[in-house]
Each structure stands twice: as structure tokens, then as C-alpha cells.
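Whatever order the structure lists them in is the order used to number ligands and atoms, beginning at 1. Numbers here simply count residues along the sequence, with the first being 1. Because the structure is a prediction, the values reported are computed rather than measured.
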Amino acid sequence: MTLGVNIDHIATLRQARYAADPESPICEPDLVASAAASERAGASGITIHLRADRRHIQDRDVFRLRESITTKLNLEMGNTAEILDIALRVRPEEVCLVPENRAEITTEGGLDAAGQMRALAPAVARLHAAGIRVSLFIEPDPRQIDAAHQLGTAMVELHTGAFANATGPARAGEIRRLHEAALLAHGLGLQVNAGHGINYTNIRDIRALPHIAELNIGHSIIARALTVGLESAVAEMLALMRGTA
Ligand code: PXP
């Protein structure tokens, strides 16, 4: 199980001070340095979400990170013509198509791949033609997994938000849903990734799921980094993922 570190929140912190002054010589924290620290600590990739409203990651970040990252770049994006054009110019190794709603604080809910097949098919085809591996960020729902299979994407990222938020008996139900979804997706030949709301505690349940190839984790790692530093925060998560902590 490998780890993609989502560094959007590092950009959120930078934007809080430097949104109006991006050319400032002390425009910090620096995303290139953060990505490098994550890679040094063992991350297998760096994940960023270029949102339509550019609330955290900026276009120049995407191009700078494309040049500096030595593992792989996973670009999360909504299926819009503008962002698709940028993705085709940047050519990340991977794109994860996500739903995007301007009012949300972070990505809420999975992509309705089953309901948007006609809109998604040309975007997936263009990304594939550019040699980019495509993932769909979907709920652990058989209809959505089947849609990803029909669209021919290499991967799905199962949305773990409902699991992360569930308490009491609902939690076991959410784990079961993820378990069954992982089995189904793997059986259809899809690489199974997971993300959203994964932290240093609930990782123990995520680790026990079958066939999970990669996790994309942002908030908990960046929050922990404030106390122990980014390299240690990434290394601690990797140790928990591998069961060595
Ligand atoms: N995966 C996807 C597709 C996401 O949209 C997000 C949130 O930006 C994450 C993973 C990471 O979620 P979190 O910040 O809760 O770890």
C-alpha cells in the first residue's frame, strides 16, 4: 500500500497570507519544498487539486511541481474544459476526476460516474490519449464501480469520508461497504485507491481492507506536520500503513 500526500492545505496556508502577493520573495510555505520533504519521507506521489476557484493550488504550482516532483504527480480535478486543458499541458502521471461544488470546504461525496458517463467519456479518452492514467473518486457503490469499469479507467479512488465520519454501528457498515467495493473493483481489474478523512487512528481499519493499492491523505498529515514536521508526519503514517508502528 503506497501513499500519495495531498499538499493542498499547505497551499491554503500560503494563500492566507500571500494570495495578493504571489511574487513576494518570502511567499511561504513553499510547495516544492513540501513535496520534496514528503518524497524524502517515502511518499510514492504528490497529490494536488486544482480547483476552479483556485482557493489553494494555483496554476503556477502545478507547473512548478511537475518539474520538481521525482515520484509522480496526481492531479485531482473537476471535469471542466478549462482544467482539462491545463492537465493536458502539464501531463501529470495520474489524474483523479472529482466532483466540485463551489460552496464545499473540501470534496464532499463521490463523482456520479454512473450519471455522467456521457460527459466523462470524452475527458477520459483525451487523458488516456495523452498517456495519463485516470482515476475516478467515487463512493464505494457497485453502480459507480461498474461505471468506472465501463469508462475504462485504470483506477478508482474509493471515498472514505462516510466511513471516517461514521460512529457506532454505522461504522461497521461503512467498513463493510468499502470492503465489498474493493473486492468488486479489484475483480473488474481496477486498481483500488482510497482517500478522504483518513487519519492516524482510523488507518488501522483502512489497512485491513483488501486490495488497496494507494491512499491519498492530506489533512491529518499536514496537521500532524505542524507538531512533528512534515517528514516525520509522512513517515509515521507510512509506518501505520505498513503495520510497523
Ligand atoms: N482524495 C481526494 C480525491 C480528495 O479530494 C481529498 C481531499 O482533498 C483527499 C483524498 C484527501 O482528503 P483528506 O485531506 O481528508 O486526507
Side-chain angles (χ1 to χ4, degrees), residues 1-13 15 31 34-35 38 43-57 61-62 65 72-80 83 87 92 94-113 120 133-141 144 148 153-166 174 178 181-182 185 190-203 205-207 209 212-226 230 233-234 236-238 240-241:
M1 198 186 279
T2 59
L3 173 65
V5 176
N6 182 313
I7 60 172
D8 292 349
H9 291 307
I10 298 177
T12 302
L13 181 59
Q15 293 306 102
L31 265 64
S34 303
S38 302
S44 297
I46 302 298
T47 297
I48 51 175
H49 183 174
L50 183 66
R51 298 185 72 106
D53 64 9
R54 307 299 199 274
R55 71 172 70 158
H56 39 53
I57 298 293
D61 294 326
V62 185
L65 288 165
K72 70 171 178 188
L73 176 62
N74 172 28
L75 180 65
E76 292 178 5
M77 51 175 270
N79 181 23
T80 67
I83 306 286
E94 296 177 359
V95 156
C96 182
L97 292 168
V98 302
E100 212 174 281
N101 161 8
R102 274 180 185 272
E104 70 194 359
I105 291 171
T106 181
T107 313
E108 290 166 5
L111 187 69
D112 181 14
L120 288 168
R133 296 182 81 220
V134 181
S135 182
L136 302 180
F137 186 47
I138 55 172
E139 293 296 325
D141 170 344
Q144 303 298 347
T153 65
M155 306 174 278
V156 288
E157 181 171 330
L158 300 178
H159 195 310
T160 48
F163 152 76
N165 290 333
E174 292 300 337
L178 286 165
L190 290 155
Q191 178 180 318
V192 189
N193 303 334
H196 203 92
I198 299 174
N199 59 39
Y200 292 83
T201 304
N202 66 23
I203 183 63
D205 290 309
I206 296 291
R207 194 180 70 203
L209 293 170
I212 305 290
E214 185 157 272
L215 301 179
N216 281 303
I217 307 181
H219 188 270
S220 64
I221 289 178
I222 306 309
R224 178 110 183 103
L226 295 175
L230 186 52
V234 171
E236 285 177 17
M237 184 59 83
L238 277 166
L240 288 166
M241 286 166 60

Q. Are a donor atom and an acceptor atom from the side chains of Thr47 and Asn74 found within less than 3.5 Å of each other?
A. yes
Q) Is there any N or O on Gly218 that sits under 3.5 Å from an N or O of ligand 1? A) yes
Q. Under 4.0 angstrom from ligand 1, any heavy atom of Ser220?
A. no
Q. What is the ring orientation for His159 with Phe137, classed by angle as parallel under 30°, tilted 30 to 60°, or perpendicular over 60°?
A. parallel
Q. Can you list the ligand 1 atoms lying under 4.0 Å from a non-hydrogen atom of His219?
A. 13 (P), 14 (O), 16 (O)
Q. Considering only heavy atoms of Val98, which atoms of ligand 1 have at least one such atom less than 4.0 Å away?
A. 3 (C)
Q: Could you say whether the N/O atoms of Glu76 and ligand 1 ever approach to under 3.5 Å?
A: yes
Q) What atoms in ligand 1 come closer than 4.0 Å to a heavy atom of His196? A) 6 (C), 7 (C), 10 (C), 12 (O), 15 (O)
**Q.** Atoms in ligand 1 with a heavy atom of Asn6 nearer than 4.0 Å
**A.** 8 (O)
Q) How about His196 and Glu157: does a side-chain donor come under 3.5 Å of a side-chain acceptor? A) no
Q: Ignoring angles and geometry beyond distance, decide whether Gly197 reaches within less than 3.5 Å of ligand 1 through its nitrogen or oxygen atoms.
A: yes
Q.
Any atom of ligand 1 sitting under 4.0 Å from a heavy atom of Glu157?
A. yes
Q) Among Ile206, Leu240, Asn216, whose side chain to side chain contact (heavy atoms under 4.5 Å, CB included) with Ile198 holds? A) Ile206
Q.
With rounding to the nearest 0.5 angstrom, report the CD to CG distance, Gln15 to Asp61.
A. 7.0 Å
Q) Under the salt bridge (Lys or Arg N to Asp or Glu O under 4.0 Å) test, which residues partner Asp205, sequence neighbours left out? A) Arg171
(Q) Determine whether a donor-acceptor pair (N or O, by modelled atom type, separation under 3.5 Å) exists between the side chain of Ser44 and the backbone of Gly4. (A) no
